[in-house]
There are 2 protein chains.
Amino acid sequence: MERRNTIQRSLVAAAVQKLDHPDAEQVYAEVVREHPHISKATVYRNLNLLAEEGAIGKVHLSEGADRFDCRTGKHYHLRCRVCGRLFDAKMPPLDAPERLLGGTDGFSVEDHTLEFIGVCADCQK
Amino acid sequence: MERRNTIQRSLVAAAVQKLDHPDAEQVYAEVVREHPHISKATVYRNLNLLAEEGAIGKVHLSEGADRFDCRTGKHYHLRCRVCGRLFDAKMPPLDAPERLLGGTDGFSVEDHTLEFIGVCADCQK
DNA sequence: ACCTTATTGAAAACAATTATCAATTAATAT
DNA sequence: ATATTAATTGATAATTGTTTTCAATAAGGT
């Protein structure tokens with residue numbers, strides 16, 4: 001199952017770089033301009049492949065479609081509940097917040113997600 | 001639009017009390033035993049109504065269907081990635097974690113979600 | 001050029017949820 | 001009790017976001 005370099009794959013990767021936290025639909029819209037025959041399934045497939053191999057990040061939110069992120073290091077997001085835009089939080093990842101979990105009966109914490117919800121500067125006007 | 005007391009609504013509420021963080025499907029399965037003619041749409045509608053009025057909690061996770069919670073106060077959850085079960089975190093809600101967000105360009109934070117992912121005691125065996 | 005196999009495109013399948021709408025029913029007034 | 005009326009229901013269709021299927025295509029090595 002060695003990976004091959006397809007033009008579709010690099011177009012998808014480039015679109016994630018170019019766009020700001022796009023969802024799959026937006027990536028498709030961007031790629032289809034250069035490559036009008038690409039299938040939506042190919043976009044989804046490649047987004048997932050790229051995310052699996054760590055080339056991009058996949059962000060699951062408390063509302064709406066998944067977003068994709070060219071920043072790959074662990075970081076949190078702020079989601080504007082008005083326009084839906086995502087912003088990178090300028091905040092270091094919490095250091096082992098599971099230590100705050102007093103006595104969780106042998107549950108072994110491997111990861112956590114943290115999402116901030118609010119209204120962005122533009123939408124406050 | 002004043003709310004009425006229907007038997008369906010109270011059965012849905014009772015099922016959420018009885019079950020442990022069920023999803024809509026599980027609530028339906030429970031209610032349909034007593035009330036075989038209930039529609040799935042009615043279950044979804046009432047879960048959302050109850051959540052809106054604060055009688056139950058609705059939990060959106062990073063995977064799978066939404067869960068419902070008879071505990072209504074703000075608290076976090078641990079999700080077992082093996083069996084999917086949800087556990088209440090014995091941890092006080094973070095106090096204004098948005099203070100850790102240095103300079104977020106006028107974004108006003110109203111809320112946040114925090115979810116722990118790992119493996120529960122049972123699934124570690 | 002040839003072979004093997006990953007990848008593609010198109011469409012269907014899928015999962016979770018919401019919308020539609022005529023029929024029913026709870027709460028209120030009569 | 002009875003009529004009124006608007007919320008609610010049940011059944012189904014529609015939606016949204018995503019994955020699966022599968023025959024056809026194309027990469028990359030030999």
Side-chain angles (χ1 to χ4, degrees), chain A residues 1-16 19 21-53 55-69 79 81 84 86 115, chain B residues 1-16 19 21-53 55-69 79 81 84 86 115:
Chain A
M1 280 209 188
E2 69 273 9
R3 211 134 281 178
R4 288 177 183 172
N5 289 340
T6 67
I7 162 171
Q8 290 90 337
R9 184 120 70 229
S10 40
L11 286 171
V12 166
V16 174
L19 304 171
H21 296 102
D23 61 21
E25 207 65 40
Q26 294 171 310
V27 171
Y28 173 76
E30 174 68 24
V31 172
V32 84
R33 292 166 47 192
E34 290 285 307
H35 202 278
H37 253 69
I38 197 170
S39 160
K40 214 167 275 191
T42 299
V43 172
Y44 274 97
R45 266 188 304 241
N46 281 313
L47 286 170
N48 284 335
L49 276 173
L50 291 165
E52 255 172 52
E53 70 188 28
I56 63 174
K58 183 175 187 172
V59 190
H60 185 87
L61 301 170
S62 54
E63 203 180 294
D66 289 346
R67 311 292 182 88
F68 297 89
D69 196 338
R79 176 172 61 83
R81 64 165 170 75
L86 261 206
E115 173 192 351
Chain B
M1 284 217 186
E2 70 271 11
R3 212 133 282 178
R4 287 176 185 173
N5 290 340
T6 66
I7 161 174
Q8 291 89 338
R9 184 119 72 227
S10 38
L11 285 171
V12 166
V16 174
L19 303 171
H21 298 100
D23 62 20
E25 207 65 38
Q26 295 171 310
V27 171
Y28 172 77
E30 175 67 24
V31 172
V32 84
R33 293 166 46 190
E34 290 285 305
H35 201 281
H37 253 69
I38 198 169
S39 161
K40 213 165 276 192
T42 298
V43 172
Y44 274 97
R45 266 188 303 241
N46 281 313
L47 285 171
N48 283 335
L49 277 173
L50 291 165
E52 256 172 50
E53 69 189 25
I56 63 175
K58 183 176 188 171
V59 189
H60 185 88
L61 301 171
S62 53
E63 203 180 294
D66 290 346
R67 311 290 181 88
F68 296 89
D69 196 338
R79 174 172 63 82
R81 65 166 168 74
L86 261 205
E115 173 191 351

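Just so we're on the same page: letters track the sequence lines, and every chain starts at 1. The figures that follow rest on heavy atoms only: side chains count, while hydrogens, waters and symmetry mates do not.
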**Item:** nucleotides 21-29 of chain D: protein proximity per nucleotide (B base, S sugar-phosphate only, - neither; heavy atom, under 4.0 Å)
**Value:** B----BBS-

Is any side-chain nitrogen or oxygen of [X] closer than 4.0 Å to OP1 or OP2 of [N]?
X	N	value
B:Gln8	C:dT25	no
B:Tyr44	C:dT18	no
A:Asn48	D:dT18	no

Length of the line joining [X]:[atom1] and [N]:[atom2], which is rounded to integer Å:
X	N	atom1	atom2	answer
A:Glu63	D:dT16	CD	P	14 Å
A:Glu52	D:dT18	CD	P	15 Å
A:Leu50	C:dT7	CG	C1'	13 Å
A:Asp66	C:dA16	CG	P	14 Å
B:Glu53	D:dA7	CD	C1'	14 Å
B:Arg67	C:dT17	CZ	C1'	16 Å
B:Asn46	C:dA26	CG	C1'	14 Å
A:Leu47	C:dT7	CG	P	15 Å

**Message:** Applying side chain to side chain donor-acceptor pair (under 3.5 Å) to A:Ser62 and A:Glu115, what does each step give before you reach the verdict?
**Reply:** CA-CA 8 Å; A:Ser62 54; A:Glu115 173 192 351; 3.0 Å; yes

**Item:** Point-to-point distance, once rounded to the nearest 0.5 Å, from CZ of A:Phe68 to CG of A:Leu47
**Value:**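 Those atoms lie 4.5 Å apart.
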
**Asked** Atom CZ of A:Arg3 and atom CD of A:Glu53: how far apart are they, to the nearest 0.5 Å?
**Response**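 It is 5.0 Å, given to the nearest 0.5 Å.
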
**Message:** Could you walk me through whether A:Val16 and A:Leu50 satisfy the side-chain contact (heavy atoms from CB on, under 4.5 Å) test, starting with their C-alpha distance in whole Å, then the side-chain angles of each, then the deciding distance to 0.1 Å, before giving a yes or no?
**Reply:** CA-CA 10 Å; A:Val16 174; A:Leu50 291 165; 5.7 Å; no

**Prompt:** Can you list, by residue number, the residues of residues 23-40 of chain A that have a non-hydrogen atom closer than 4.0 angstrom to DNA chain C?
**Reply:**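 Output list: A:His35, A:His37, A:Ile38, A:Ser39.
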
**Intermediate values then yes/no, side-chain contact (heavy atoms from CB on, under 4.5 Å), B:Leu86 and B:Asp69** = CA-CA 10 Å; B:Leu86 261 205; B:Asp69 196 338; over 6 Å; no

Identify the heavy atoms of [X] and [Y] that sit nearest to each other, and give their distance.
X	Y	result
A:Arg67	A:His21	CD-O, 3.5 Å
A:Leu61	A:Arg79	CD1-CD, 3.9 Å
B:Lys58	B:Ala51	CB-CB, 4.1 Å

Side-chain donor-acceptor pairs of residues 25-38 of chain B under 3.5 Å, sequence neighbours excluded:
from    : atom 1 : to      : atom 2 : distance (Å)
B:Glu25 : OE2    : B:Lys40 : NZ     : 2.6
B:Gln26 : OE1    : B:Asp23 : N      : 2.9
B:Glu30 : OE1    : B:Arg33 : NH1    : 3.2
B:Glu30 : OE2    : B:Lys18 : NZ     : 3.0

